[in-house]
K.L.:
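Before I ask anything, here is the structure I am working with.
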There are 2 protein chains.
Amino acid sequence: MRDPLNGSPPEAPKPATIYDVAERANVSIKTVSKVINNLPEVSRLTRSRVQAVIEELSYRPNQLARGLASQRSFMVGLFCDAPAAGSGYIARIQMAILTMCQKEGYHLIVECIHATNQNIAQQVHALVAQSKLAGVVLTPPLSDLPTLIDALKATGTPIVRFSPEAAVPDVIDVDIDNCQAAYDITKYLIGLGHRRIGFIRGPLEHADARARYEGYCRAIAEADIPFLDEYCQTGNYTYRAGMLAGEKLLTLKDRPTAIFASNDDMASGVMASSIRYNLRLPQDLSVAGFDDAIFAHAMYPRLTTCRQPIADMAEAAFLALIHHGDKPIGPLTLPHKIIVRGSTARPPTA
Amino acid sequence: MRDPLNGSPPEAPKPATIYDVAERANVSIKTVSKVINNLPEVSRLTRSRVQAVIEELSYRPNQLARGLASQRSFMVGLFCDAPAAGSGYIARIQMAILTMCQKEGYHLIVECIHATNQNIAQQVHALVAQSKLAGVVLTPPLSDLPTLIDALKATGTPIVRFSPEAAVPDVIDVDIDNCQAAYDITKYLIGLGHRRIGFIRGPLEHADARARYEGYCRAIAEADIPFLDEYCQTGNYTYRAGMLAGEKLLTLKDRPTAIFASNDDMASGVMASSIRYNLRLPQDLSVAGFDDAIFAHAMYPRLTTCRQPIADMAEAAFLALIHHGDKPIGPLTLPHKIIVRGSTARPPTA
DNA sequence: CTGAAAGCGCTTACAG
DNA sequence: CTGAAAGCGCTTACAG
């Protein structure tokens, strides 16, 4: 279906504009515009004729012109603190949001915002106001940066946040029920017969860490297992913290038969420390994590954990974002899933 | 330094335009434009006056208008196959490119291109041609997708590639010397006293895998260590492949005292398999990897590996990209660095 | 259901 | 060193 025309230079052939399409289809540019934007007031015949010409000329609307004229672009911003860090949680959010963007004809523009930055308002201004972003997605820990949110709201940009702490008016939130998820994992360990269950808590500044802690407490309380201070360590979500916490737990006189870490990084740290004490997993010790990080199914043994439905969360978030204003929307809490793998089993004494 | 003016509504205050600045500074918009774009033909006095007004009005040029008028945007595209996959190599490239973008006043737009996609040309057309990207960065395996590169070149967009296979005219390449790096690691192991050195080769379709293999071969040849087929396994860069290869190597009657895996994922697989055979690291077995993945310094023991200077590569790539055309540029090969950590030591018999 | 015209906020020859 | 004007390629009231 190529259209060689006359031997135009192969370098940068001038792309077709809306005028070219209009002329060839014998309609006004207004009509072409309507077709592009899927507006209703075009007869089916006209629409298909225009569409044919669009194909023929392989016309693509100039996003810059579109944005300039309409004062809104087809670009969505993803703001992160440090995309490469962590166990890929942010990377997976990005991937999922990107998928939605491509599906809906948007582009993803990634920006790095340092929470410690003094003039975030400035940065946001330069970024958003002048690019007319259709919306922005905030990931932790940016989800809970009041200056950022205020600056964004001042520009009128729709906002969606992943796993925020506290609700903020006019901002869409997506999350899972962290308390319930932690409860489910703990309950599962109890169901296997464990009674001595260590817990590695995340940093208490994080709402999710607090919620997971609460879920753990609730589950053991329900099973009449006494809460023991020494069974509950705290770590900052890193591998190293998990290793240290693991050492403390595993050197206890009455060491736990199972350890539930608040994220996979810490769980893998526990697993590493268990090697030091010659414990076999899962026969001597069960370990469970949280996140279903990329490496969780690539460890030995593979890690029992909890998966957030990131793709679904991204989809919900994205749709809420671009249809912002259509209807008020409450916090979106999506279902999590416990993934049982080889790192957990019945306790040795059971 | 706030300027309340009259009580304008807090929601979406109309941003200042180039006209507002020109008027207030008593110059034409042309002059303002020159100041913004750092063009020379403005007197220092005028420039500073304009700059002051820009601050005062917190004026930021509208990127959309700028792009439309100049036919080039301040957006750089990062094309990936699957950003979230792998051991964070792509994520780190993204982070580094992003840092450069923010430093130079560009924005980063991430796109996912599936190498298997039939009409890449179409996608590129819609993407690049209509957004007037200032340039695009290609990451493996997209670095070696002829259709993509041709489509991109047809739009006249400058291209820079990370770790490509073969050179292509008018395309900027950044890489390290993989052969030399693998040679260095092998040499280091030999220097520790190892003579039985297993090697886990990456997939031979990858140029870097071939180069690393060559480096290994060269180093052992130089040390008069015979090349043994059974000491050389092949894996597809995944943890699992490393584990399987590790099993083969560790069950050999004359098993290696050191194993060098072509990437960190496979190295961690080897470490996992060594647990099965009750080998202590590094006393019984040394393991080295390649990449310095995020988890490499968070394993137990921490992994000896080779680090690519991704930040430097990104900087070189980015600058070459935005100054494209100024001068022809050859492939950029940056220095790697061997990171010695706890996973390697003298062989047990030494 | 469709047209003609103004305007979005810049850059860029062209003059001076 | 600076101005006035055209134009980038769209969208959007306003008419019809």
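Residue numbers start from 1 in every chain, and the chains themselves are labelled A, B, ... in the order their sequence lines are given, proteins ahead of strands. Small disclaimer: the values here were computed from a predicted structure and weren't measured.
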K.L.:
dG9(D) phosphate, OP1 or OP2: any side-chain N/O from Gln63(A) under 4.0 angstrom?
P.N.:
no
K.L.:
Over how many whole Å does the gap from Ile18(B) atom CD1 to dA4(D) atom C1' extend?
P.N.:
14 Å
K.L.:
Measure from the side chain of Ile29(B), starting at C-beta and using heavy atoms only, and say which of dA5(D), dC10(D), dG9(C) lies closest.
P.N.:
dA5(D)
K.L.:
How are the rings of Phe74(A) and Tyr106(A) set relative to one another: parallel (under 30°), tilted (30 to 60°) or perpendicular (over 60°)?
P.N.:
tilted
K.L.:
Any side-chain N or O of Asn37(A) below 4.0 angstrom from OP1/OP2 of dT11(D)?
P.N.:
yes
K.L.:
Output the rounded distance in Å from CG (Asn38(A)) to C1' (dC10(D)).
P.N.:
17 Å
K.L.:
Would you indicate, yes or no, if dC10(D) has its OP1 or OP2 atom less than 4.0 angstrom from a side-chain nitrogen or oxygen of Tyr59(A)?
P.N.:
yes
K.L.:
Between dT12(D) atom P and Gln71(A) atom CD, what is the distance in whole Å?
P.N.:
10 Å
K.L.:
Quickly work out the Asn62(B) CG to dG9(D) C1' distance and round it to whole Å.
P.N.:
14 Å
K.L.:
Return the value, rounded to whole Å, for the distance between atom NZ of Lys30(A) and atom P of dA6(C).
P.N.:
16 Å
K.L.:
So, is Thr46(B) close to the dT2(D) phosphate, meaning a side-chain N or O under 4.0 Å from OP1 or OP2?
P.N.:
yes
K.L.:
Does dA4(C) have a Watson-Crick or wobble partner in any strand here, with both distances under 3.5 angstrom, and which is it?
P.N.:
none
K.L.:
Looking at Ser33(B), I'd like to know whether one of its side-chain N or O atoms comes within less than 4.0 Å of OP1 or OP2 on dT11(C).
P.N.:
yes
K.L.:
Please check the phosphate of dG3(C) (OP1 and OP2 only) for any side-chain N or O of Ser28(A) closer than 4.0 Å.
P.N.:
yes
K.L.:
Check whether any side-chain nitrogen or oxygen of Thr31(A) sits under 4.0 Å from OP1 or OP2 of dG3(C), and answer yes or no.
P.N.:
yes
K.L.:
Could you tell me the Watson-Crick or G-U partner of dA13(D), where both distances fall under 3.5 Å? Say none if there is no partner.
P.N.:
none
